[in-house]
Amino acid sequence: MANDYIPCLDNMKAIKALPSRRHMEHRERHCPTPTPRCLIPLPEGYKTPVSWPKSRDMIWYANVPHPKLVDYKKGQNWVQKSGNYFVFPGGGTQFKEGVEKYIQLIEKTLPTIKWGKHTRVILDVGCGVASFGGYLLEKNVLTMSFAPKDEHEAQIQFALERGIPATLSVIGTQRLTFPNDAYDLIHCARCRVHWDANGGKPLLELNRILRPGGFFVWSATPVYRDDTRDMNVWNAMVALTESICWKAVAKTVDSSGIGLVIYQKPVSNSCYEGRKENSPPLCDKMDRPNNSWYVPLGSCLPKLSSSELNWPASWPERLSIKPHSLGMESSAEEAYIADTKRWSVLVSEVYLDALAINWSSIRNVMDMNAGYGGFAAALVDQSLWVMNVVPINVPDTLSVIFDRGLIGIYHDWCEALNTYPRTYDLLHANYLFINLTKRCDIIDVAVEMDRILRPGGWLLLQDDIDTITKLTPLLRSLHWETTFYQGQFLVGRKGFWRPAHGKRK
């Protein structure tokens, strides 16, 4: 539908021309050239989204008018239609007794997980409507939920409309857009990924992004059913996890008959070196690019370096102490400390105090050029979350962001983002355009910002006067309101206007 158009995932011409769909190639990025400059229409009856925390449990039907999932998952309590709302009762395929009890079961099965202290940043693979991540927020756990844009209609759109962190992605032929050793825990509840497919590359990708000593929680029928098909999958999983030195540290079945197993990634290279067979092999030293933008899936095990073996401090201490991935150079630490202080002052004295932004209405925030994550760190006490984006053409700081207990992705702003339209309340751009406009047109970026920002949402931009002079008339041509502050801050607010609607409402 035009209301939900995502340029790099809805390029049907490129998708139809694919020679194969065997490894989910049709769910991966295929960006059109030139970049579309069309404006996305609003769904009929679109309303200002329900505010957090109420939005965790109910959203306007008119904003995400996709009822298929209600019928498709009607026996599993994912989502229900109730009058003008979608309601999310906290169920799921594997959450027979509700997601809260399921979360408790995981920690009871392995107490060392310590939600919100030892375990802070997690990845939920094939997340459904992201209720798992939504309920974990109460425990100070920040979850990156992801799923492809597939027949499970609008899962990620539901998640973001609810105010829960989420992104569109798939484990297909390319790496996920996260750095090595990023996540404290990865979760899969019937996520429909064949982990041993393609020589085990999907599980090797999880191994790449899982922190040494981190956990993989797998809740699926092969864990607790003994029919031939499930036993074959289980045996294949046993062989694969043993080959990559993952240890099964806990296994359980709850009162409803649902089971899960918890694996742990090793914390040293001794197991890799002691294997009888070097299969999968250890990666070459040169095969360690953190920046995973359009990088094919690997078939090797990255060797663990000494800096990766230290688990971060407990949350919230890890937010402010020196991250392990920062390196040993004193200059790097000095730059990091200065950056943290700068954002603390700027956010408290300017962003929250001096600008006419209604922060109480803001839930989903994107920092388009996140650096060390200082902007997100300074907002940590606000009732919002931040998707930290590290552009591919700037120094790679995404590992630092994850070390701090925050989440983020790599992206090239010369292309469209993997998200639905109208999914963010505030976009923050700190000197993003200086290098970006050397590679692509500022018009294309403005159109993309208009696509992903909700009506009534804000742009908060700090840049040089030349960039602000170019961007301001573009935003005004889209009927945005703009103000200029202290000669360096541009504040823009998107309205409800669309060309087909005539005058702005």
Side-chain angles (χ1 to χ4, degrees), residues 42 46-60 62-64 84-88 116 130 133-143 157-166 316 319 343-368 370 373-389 405-407 419-430 449-450 452-462 475 480-486 489-497 504-505:
L42 294 177
Y46 182 87
K47 298 177 174 67
T48 300
V50 176
S51 298
W52 182 267
K54 187 178 179 182
S55 64
R56 189 195 71 173
D57 301 320
M58 60 193 303
I59 62 174
W60 291 114
N63 289 11
V64 192
N84 293 326
Y85 295 95
F86 279 123
V87 177
F88 302 88
Y135 279 78
L136 276 169
L137 287 165
E138 296 175 348
K139 297 182 177 293
N140 285 323
V141 175
L142 199 53
T143 305
Q157 195 174 20
F158 278 127
L160 288 163
E161 185 72 16
R162 295 173 71 184
I164 300 170
L319 181 67
W343 283 113
S344 178
V345 171
L346 188 59
V347 167
S348 64
E349 295 184 2
V350 178
Y351 289 2
L352 295 179
D353 232 14
L355 303 181
I357 294 175
N358 179 13
W359 287 91
S360 64
S361 67
I362 292 167
R363 175 62 187 171
N364 301 349
V365 177
M366 174 167 286
D367 192 350
M368 300 173 70
F375 171 72
L379 288 169
V380 74
D381 293 328
Q382 302 294 316
S383 184
L384 53 80
W385 63 275
V386 180
M387 179 73 85
N388 293 284
V389 179
L406 305 171
I407 57 173
T419 195
Y420 284 90
R422 305 171 302 279
T423 44
Y424 284 88
D425 299 306
L426 185 142
L427 302 178
H428 177 248
N430 179 60
M449 291 192 298
D450 183 85
I452 65 179
L453 195 63
R454 288 170 167 172
W458 302 83
L459 170 68
L460 178 50
L461 180 141
Q462 183 180 20
L475 298 178
W480 286 34
E481 298 171 357
T482 63
T483 56
F484 196 34
Y485 181 77
Q486 288 188 347
F489 299 102
L490 173 65
V491 180
R493 193 175 192 195
K494 177 182 172 180
F496 281 74
W497 174 85
R504 176 177 175 272
K505 291 183 180 179

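What you are looking at is a predicted structure, and each value in this text was computed from that prediction instead of being measured.
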Evaluate the side-chain proximity of [Y] to [X]: yes if any heavy-atom separation is below 4.5 Å, no if none is.
X	Y	value
Val347	Leu379	yes
Leu384	Asn364	no
Trp52	Leu137	yes
Ile452	Pro421	no
Gln462	Leu346	yes
Leu453	Met449	no
Pro49	Arg454	yes
Asp367	Val389	no

Non-hydrogen atoms of [X] and [Y] that approach each other most closely:
X	Y	value
Leu42	Pro455	CD2-CG, 3.7 Å
Val386	Ala376	CB-CB, 3.7 Å
Tyr485	Val350	CE2-CG1, 3.8 Å
Ser55	Val50	CB-O, 3.3 Å
Pro165	Leu142	CG-CD1, 4.2 Å
Thr143	Ile407	O-CD1, 4.4 Å

Using modelled atom types only, decide if a donor and an acceptor are shared between the side chain of [X] and the backbone of [Y] within a distance under 3.5 Å.
X	Y	result
Trp359	Tyr351	yes
Asn388	Ala370	no
Arg493	Glu481	no
Arg162	Arg56	yes
Ser348	Ser344	yes
Arg363	Gly163	yes

Atom pair [atom1] ([X]) and [atom2] ([Y]), whose distance is rounded to the nearest 0.5 Å:
X	Y	atom1	atom2	result
Thr423	Met387	OG1	CE	9.0 Å
Met58	Phe88	CE	CZ	10.0 Å
Leu461	Phe484	CG	CZ	10.0 Å
Asn63	Gln157	CG	CD	9.0 Å
Thr483	Leu355	OG1	CG	7.5 Å

Before you tell me yes or no, could you show the steps for Lys494 and Asp450 under side chain to side chain contact (heavy atoms under 4.5 Å, CB included), namely the whole-Å CA-CA distance, both residues' side-chain angles and the distance that decides it to 0.1 Å?
CA-CA 7 Å; Lys494 177 182 172 180; Asp450 183 85; 3.8 Å; yes
Evaluate the side chain to side chain contact (heavy atoms under 4.5 Å, CB included) criterion for residues Ile164 and Phe158: first the C-alpha distance (whole Å), next the side-chain angles of each, then the deciding distance (0.1 Å), finally the verdict.
CA-CA 9 Å; Ile164 300 170; Phe158 278 127; over 6 Å; no
Check against side chain to side chain contact (heavy atoms under 4.5 Å, CB included), Glu161 and Tyr420
CA-CA 10 Å; Glu161 185 72 16; Tyr420 284 90; over 6 Å; no
Apply side chain to side chain contact (heavy atoms under 4.5 Å, CB included) to the pair Leu459 and Val491, showing each step before the final yes or no.
CA-CA 6 Å; Leu459 170 68; Val491 180; over 6 Å; no
Given the ring of Trp60, does Lys47 sit roughly above its face, with NZ or CZ under 6.0 Å from the centre of the six-membered ring and within 45° of the axis?
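Yes; both conditions hold, so Lys47 lies above the ring face of Trp60.
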Result of checking Phe489, Trp343, Trp458 against His428 for ring pair (Phe, Tyr, Trp, His ring centres under 6.0 Å):
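For His428, the ring pair (Phe, Tyr, Trp, His ring centres under 6.0 Å) test succeeds with only one of Phe489, Trp343, Trp458, which is Trp343.
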